[in-house]
Amino acid sequence: MIKVEWFYWLVGAFFAVVAVLRLLDRGASKRVGSAVFWGLLAFTFVYGTFVVAKTAPAWVEGVAVLVLAGLAAARYPGRGTEQTTSAAERSALAQRFGNKLFIPALVIPLVAVFFGAVLAKVNVGDQPLLQTGSATIIGLGVAAVIAFVVSLVLLRVPSPMIPFREGDRLLGHIGWAAILPQFLATLGLLFTASGVGTAVQRITNAVLPEGVLLLAAVVYCLGMALFTIIMGNAFAAFPVMTAAVGWPVLVQQYDGTPAVVFAVGMLAGFCGTLVTPMAANFNLVPAALLELKDTYGPIKAQIPTAIPLWVCNVAILYAFAFPH
Amino acid sequence: MWVLLAVAIVVVGFALRLNAMLVVTASGIAAGLIAGLTPLAILNAFGTGFAGSRSVTVFIVVLPVIGLIERYGLQDQARRLIGKLRGLTVGRLLATYLIIRQATAALGLTAIGGPAQAVRPVVAPMAEAAAERKHGALGDKVREKVRSYAASADTVGLFFGEDIFVAVGSILLITGFVDATYGLKLDALQIAVWAIPSAICALVIHGFRMLRLDRTLASLPASELAAPVGGAR
């Protein structure tokens, strides 16, 4: 069976290479601190395997994570010295290679989709070929490796270190935002363990008006969106709001169709995901990747869609879920 | 109820644009302490949480390939390709990408697209080139707007497409949670079908906004639209 942990080690190996590149980059500022950041991150990816398997104490990873946060707060890691091609060189290279340049970019989704849609259903003996529930991650990892080899051959790259330098360049643009999504997911778990959900549920019950179906539908959708904005993902909001309003009020009291109530409730939560910096992987990481000065740029582009779309969800819920 | 203070830390921290990592750490520690966790338990929670959510960072592995093909001129080539498609304005391009992203996500093909694999190397440079062809060299603000719109087309398309696919995480979470908690036997297909009306609304609303970007850019005064004199790309 192909295990997802192998690919976490692959990611860890990339971070380790970046750490070495930072350390050897004598011209760059924040050299040592940046190397420590990426090196420590590489450690958490490998050590994490044993934390998940419960064969090593989790607090060690916890300490590493807090040190990473401290380094990030002190504005590490820094960028390296850029050693990429100039605009003129790129233009000449584009002329030379033409549409061949798209091939590696297309290999990634094709391989990833093949793994996610086809190989995910293949069994070897009585075991699935890919670890259950991780086909997408495994597919992305394999796709990256294949595209790596394809591009080395296709573009006749003189040294396999070049792609790592280029990867380091992009990672330099992202900086500590690279681990923010993971960090926020951790916070979500801490919130849940500390009872934030129960507190929200109590507030919802206190403000819920009785006897007006439309208002109950609004409270459910608004609660989904607001709690999603706080937690950064609708998955955490769904059980809380459904236990507070969705099931006892909309389904049991007003006789709503469960499939409609829950499907639309979840999508009302997605409207919240579109506007919250807590959903860093969807909203802040793209801003870093696109080198935007305004890290809230994508959120600003999404707010005017999220609001009318949320209203649509309330309308769909009200119109189709209940016997009128 | 005091645990909501931890939520307040996050809200205030993000609003003041303090360093996000610092805000999140402070909030996590506060939540743990208010809930009565020991320092060791809090460290354990940070460790387990971080180790258990490594999957969200795996997109990093495509960076060496993307960086490499950028080095060899991918973004230039993407621009050149747009040059050949005369009728394609930035709005039409992004609306088309939105449709493709949403349709493929609805078929479960969520790996097509994504900010690292598609938006940075291909979609954003194409969008900029399409805008430049019509409006001339772009100023910084306008360039940021075009890039932000490109990112938003990817995200909206993914969110409101994937829920139509039966085997997606959110549907499995819905059926898993309500079946286990309330003893229902919900059909995943029913959930997927009821995601379609919202998906259509998302396509219409966001598609309309993508198309309107052309008019928004055209109505901007030249001083805001164009690059400052001497300002390079």
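The analysis underlying the following values was restricted to heavy atoms, covering all of them including side chains, and did not include hydrogens, waters or symmetry mates. Reminder, nothing fancy here: chain letters follow the sequence lines and each chain counts from 1.
A:Asn313 places no side-chain N or O within 3.5 Å of a backbone atom of B:Ser198 that could act as its donor or acceptor partner. The backbone N or O of A:Ala301 sits less than 3.5 Å from a side-chain atom of B:Arg209, completing a donor-acceptor pair. A donor-acceptor pair under 3.5 Å links the side-chain atoms of B:Asn44 to the main chain of A:Trp59, judged by distance alone. Between the side chain of B:Arg147 and the main chain of A:Leu290, a donor-acceptor pair closer than 3.5 Å is present. A distance-only check finds no donor-acceptor pair linking the side chain of B:Arg71 to the backbone of A:Thr84 [under 3.5 Å].
When heavy atoms are compared at a cutoff of 4.5 Å, A:Arg75 does not approach chain B at all. Heavy atoms closer than 4.5 Å to chain B are found in both the backbone and the side chain of A:Thr49. Both the backbone and the side chain of B:Pro197 come within contact range of chain A, judged by heavy atoms closer than 4.5 Å. For B:Tyr149, the parts sitting under 4.5 Å from any heavy atom of chain A are the backbone and the side chain alike. With a 4.5 angstrom heavy-atom cutoff, B:Ile171 does not touch chain A via any of its atoms. Proximity to chain B (any heavy atom under 4.5 Å) is restricted, for A:Val51, to the side chain, taken from C-beta onward. Using a 4.5 Å cut-off between heavy atoms, B:Val193 makes no contact with chain A at all. In this structure, chain B has a heavy atom under 4.5 Å from the side chain of A:Glu5, while its backbone stays farther away. Of the two parts of A:Asn99, the backbone and the side chain both hold a non-hydrogen atom closer than 4.5 Å to a non-hydrogen atom of chain B. With a threshold of 4.5 angstrom between heavy atoms, B:Ala78 approaches chain A through its backbone and through its side chain. Heavy-atom distances place the side chain of B:Glu162, and not its backbone, under 4.5 Å from chain A. Using a 4.5 Å cut-off between heavy atoms, B:Glu70 touches chain A through backbone and side chain atoms alike. Only the side chain of B:Val122 comes within less than 4.5 Å of a heavy atom of chain A; its backbone N, CA, C and O stay farther away. Residue contact with chain A, scored on non-hydrogen atoms closer than 4.5 Å, involves the side chain of B:Leu186 exclusively. There is no contact between A:Val111 and chain B, counting heavy-atom distances below 4.5 Å. Proximity to chain B involves both the backbone and the side chain of A:Leu289, based on heavy atoms less than 4.5 angstrom apart. Residue B:Ile34: no heavy atom, backbone or side chain, is found under 4.5 Å from chain A. For A:Ala243, the parts lying near chain B are the backbone and the side chain together; criterion is any non-hydrogen pair under 4.5 Å. Within the 4.5 angstrom heavy-atom criterion, atoms from both the backbone and the side chain of A:Glu291 approach chain B. Interface residue A:Leu41: only side-chain heavy atoms are found under 4.5 Å from chain B. Proximity to chain B (any heavy atom under 4.5 Å) is shown, for A:Thr276, by neither the backbone nor the side chain. Heavy-atom distances place the side chain of B:Ala124, and not its backbone, under 4.5 Å from chain A. Residue contact with chain B, scored on non-hydrogen atoms closer than 4.5 Å, is absent for A:Phe115. Heavy atoms of A:Ile174 lying under 4.5 Å from chain B belong exclusively to its side chain. Residue A:Ile229: no heavy atom, backbone or side chain, is found under 4.5 Å from chain B.
Between B:Arg120 and A:Leu170, some side-chain heavy-atom pair lies under the 4.5 Å cut-off. Side-chain atoms of B:Thr25 and A:Phe183, non-hydrogen and from C-beta on, do get closer than 4.5 Å to each other. Contact of the A:Lys100 side chain with the B:Tyr72 side chain is not registered, since no non-hydrogen atoms from C-beta on lie closer than 4.5 Å. Counting heavy atoms from C-beta outward, A:Ile299 and B:Ser152 have side chains that stay 4.5 Å or more apart. Residues A:Ile103 and B:Ile69 have side chains not in contact (no heavy-atom distance under 4.5 Å, counting atoms from C-beta outward). Looking at heavy atoms from C-beta onward, A:Leu187 lies in side-chain contact with B:Val10 at the 4.5 angstrom threshold. Looking at heavy atoms from C-beta onward, B:Val61 lies out of side-chain contact with A:Phe7 at the 4.5 angstrom threshold. B:Thr155 has its side chain out of reach of A:Pro298: every pair of non-hydrogen atoms, C-beta onward, lies at least 4.5 Å apart.
Between atom CG of residue A:Leu93 and atom CG of residue B:Leu74 there is a gap of 12.0 Å, rounded to the nearest 0.5 Å. Once rounded to the nearest 0.5 Å, the distance linking SG of B:Cys201 with CG of A:Leu309 reads 6.5 Å. The line from CG of B:Asp163 to CE of A:Met266 is 7.0 Å long, rounded to the nearest 0.5 Å. Once rounded to the nearest 0.5 Å, the distance linking CD1 of A:Ile203 with CG of B:Leu4 reads 5.0 Å.
Applying the ring-ring contact (aromatic ring centres under 6.0 Å, His included) criterion to A:Trp247, with sequence neighbours excluded, gives B:Tyr182.
Nearest approach of A:Val52 to B:Ala51, heavy atoms of both residues: CG2-O, 3.9 Å. Annotation for A:Leu180 and B:Met21: closest pair CD1-SD, 3.7 Å, computed over non-hydrogen atoms. Heavy-atom minimum distance, B:Gly67 versus A:Arg169: O-NH2, 3.5 Å.
Applying the ring-ring contact (aromatic ring centres under 6.0 Å, His included) definition to pairs two or more places apart or across chains, none involves residues 18-63 of chain B. Residue pairs meeting the side-chain hydrogen bond (donor to acceptor under 3.5 Å, both in side chains) criterion with at least one partner in residues 28-39 of chain B, sequence neighbours excluded, do not occur; the list is empty.
For the set B:Lys141, B:Glu144, B:Gln190, the count of heavy-atom pairs under 4.5 angstrom toward chain A peaks at B:Glu144.
Ring pair A:Phe262/B:Trp194: centre-to-centre distance not below 6.0 Å.
The aromatic rings of B:Phe160 and A:Phe270 sit perpendicular to each other, their planes meeting at more than 60°, with 30° as the lower class boundary.
Side-chain atoms of A:Gln182 and B:Thr57 form a donor-acceptor pair, as typed in the model, at a separation below 3.5 Å.
In this structure, B:Arg17 satisfies the cation-pi test against A:Tyr296, with its NZ or CZ atom closer than 6.0 Å to the six-membered ring centre and inside 45 degrees of the ring normal.
Identified by a heavy-atom distance below 4.5 Å to chain A, the contributing residues of residues 100-109 of chain B are B:Leu109, in residue-number order.
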